[in-house]
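To start, the structure under review is shown below, and the notes come after it.
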Amino acid sequence: MYKTCIEVDSLSLHRPNLKKLCISLTSQSDHPLLVLRGTKNKITNSEHWIPKLYFRIASCLLSCCDLKCRVFKNKLIFTKLSSCFCGIIPPVAQQLHRENIQRIVREALSLSKVSPSELSAIATTIKPGLALSLGVGLSFSLRMVNQFKKPFIPIHHMEAHALTIRLTNKVEFPFLVLLISGGHCLLALVRGVSDFLLLGKSLDIAPGDMLDKVARRLSLIKHPECSTMSGGKAIEHLAKQGNKLYFDFKPPMQRAKNCDFSFSGLQHVIDKTIMQKEIEEGIEKGQILSSAADIAAAVQHTIACHIAKRTHRAILFCKQRNLLSQSNAVLVVSGGVASNLYIRKALEIITDATQCTLLCPPPRLCTDNGIMVAWNGVERLHAGLGILYDTEGIRYEPKCPLGVDISKEVGEAAIRVPRLKMKI
Ligand code: KG4
Ligand code: ZN
């Protein structure tokens with residue numbers, strides 16, 4: 001059995017904003033799995049472990065993270081009004097989604113040579129995310145569901161991120177997942193397709209959001225080497241040229257013996273440092289500091305240590321409670337920030353010290369994408385979980401926690417994490 005993913009290049013459709021407003025169409029039989037979405041690269045998966053399934057799924061991903069990217073792409077490419085470090089403009093994104101969703105679905109279906117009647121189900125992100133975009137995706141999908149009389153599979157955005165690894169690697173339940181992106185930050189134990197224990201989450205903003213804010217504050221959009229990069233990528237790039245020891249930012253929440261995260265306090269400290277440096281160097285806000293690379297290196301190191309420490313505690317907690325195997329545990333890291341190699345190395349130090357295996361989906365599957373939603377649909381269809389034949393009363397949910405929250409119990413266990421040398 002083999003799988004092939006054929007992807008549509010949205011740039012060739014002259015609609016770069018649609019790269020992530022993707023409708024994935026997954027058709028999997030005993031032969032190929034076709035995934036159509038708006039991105040350029042062709043990917044081929046050769047795994048053979050995936051059970052033989054005989055169905056096709058159309059999935060729709062419209063939540064807030066993709067929306068954010070689309071808006072910035074749109075602004076960057078069409079209006080050039082703003083930078084890639086800018087934020088969400090919901091009405092603009094909603095309008096773009098509305099205008100384009102039908103065409104994208106039609107193109108995806110025609111390119112896959114699958115007619116809507118051949119689909120086995122339609123899977124759509126309905127939670128959590130930005131109400132405006134969830135609404136567009138849901139109402140469009142329900143129209144399709146009713147028109148073609150298909151079962152509907154509502155998808156939780158984080159669940160889709162967490163399960164993506166099972167598309168590319170042979171990973172059995174249970175495993176630990178760390179989701180770090182511009183919109184999410186959480187640690188959860190994945191016990192089954194829809195069986196999650198939430199161990200910890202960010203109490204304020206997500207690490208990608210913080211990196212974007214720092215990059216914006218450092219005006220990295222004006223830096224010749226970083227102007228086309230996302231905030232996080234720009235920080236990673238610049239950090240390679242800097243000295244992380246030049247600034248001593250303290251990792252947050254050192255005394256709290258739980259698996260929660262926090263980034264906004266640190267961001268505040270960094271903002272103050274930047275302001276002070278601007279005064280020292282005699283430059284205006286908006287100009288690039290000579291110490292920008294050192295700041296980037298120190299910021300990256302500090303958040304890597306923070307993320308690694310919380311993850312280390314989560315591994316120890318799960319092992320202490322026999323929730324994870326003592327010698328064969330798997331840590332999956334996903335989300336846009338997971339593509340940061342420095343943070344990955346920090347996590348590798350932790351997994352090496354705890355005899356765990358660290359796995360990350362390939363970068364294009366780490367960030368928001370339609371394939372993960374389609375795959376989540378495949379997993380649910382196969383497990384017979386959450387397949388709706390009647391969509392009466394179905395609503396999108398802008399806020400929706402993942403699984404059962406046991407973070408309080410994790411905090412009460414107050415596990416001491418041994419100090420590890422973070423030589424990265
Ligand atoms: O998963 P994603 O595409 O969408 C969200 O859910 O937000 O992640 C985007 C985030 C952005 O905040 C971006 O700055 C960050 O991921 N990011 C990175 C890197 N590449 C993207 N952060 C750190 N290092 C990177 N190399
Ligand atoms: Zn996401």
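The structure displayed is predicted, hence computed values, not measured ones. Heavy atoms only: backbone and side chains are in, while hydrogens, waters and symmetry mates are out. For ligands, and for the atoms within them, numbers begin at 1 and follow the listed sequence.
The main-chain N or O of Val171 is never found under 3.5 Å from a side-chain atom of Asn169 such that the two would form a donor-acceptor pair.
Between Lys277 and Glu280 there is a salt bridge, since at least one side-chain N of the basic residue sits less than 4.0 Å from a carboxylate O of the acidic one.
Close approach of ligand 1 to Ser339 (heavy-atom distance below 4.0 Å) involves ligand atoms 19 (C), 20 (N), 25 (C), 26 (N). Close contacts of ligand 1 with Gly183, meaning ligand atoms under 4.0 Å from a residue heavy atom, involve 5 (C), 6 (O), 7 (O). In the vicinity of Gly208, heavy-atom distances shorter than 4.0 Å reach the ligand 1 atoms 12 (O). Remark: ligand 1 atoms within the under-4.0 Å shell around heavy atoms of Leu211 are 22 (N), 23 (C).
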**Q.** Test salt bridge (charged side-chain N to carboxylate O under 4.0 Å, His left out) applied to Lys170 and Glu172, step by step
**A.** CA-CA 7 Å; Lys170 185 173 174 9; Glu172 305 291 350; 2.6 Å; yes
Q.
I'd like to know whether His157 forms a side-chain hydrogen bond (donor to acceptor under 3.5 Å, both in side chains) with His184, so could you lay out the CA-CA distance, the side-chain angles of the two residues, the decisive distance to 0.1 Å, and finally the verdict.
A. CA-CA 10 Å; His157 182 90; His184 347 296; 3.2 Å; yes
Q: Might you work through the salt bridge (charged side-chain N to carboxylate O under 4.0 Å, His left out) test for Lys285 and Glu278, ending with a clear yes or no?
A: CA-CA 7 Å; Lys285 186 175 175 180; Glu278 281 168 348; over 6 Å; no
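Heavy-atom neighbours of Phe148 CZ from other residues, nucleotides or ligands within 6.0 Å: above the threshold of 12.
Closest heavy-atom approach to atom 23 (C) of ligand 1 among the candidates Ser334, Ala215, Gly232: Gly232. Compare Cys366, Ser230, Pro363, Ala338 by their heavy atoms: the one nearest to atom 21 (C) of ligand 1 is in Ser230.
Residues Glu281 and Gln287 have side chains that never bring a donor and an acceptor to within less than 3.5 angstrom of each other.
For a threshold of 3.5 Å applied to N or O pairs, the pair formed by His161 and ligand 1 contains no separation below that value.
Residue contacts with ligand 1, taken as heavy atom pairs separated by less than 4.0 Å, involve Thr367 via backbone and side-chain atoms alike. Here Asp212 has side-chain heavy atoms under 4.0 Å from ligand 1, and that is the only part of it that gets that close.
Rounded to the nearest 10 degrees, the angle NE2 (His184) to the Zn ion (ligand 2) to NE2 (His161) equals 100°.
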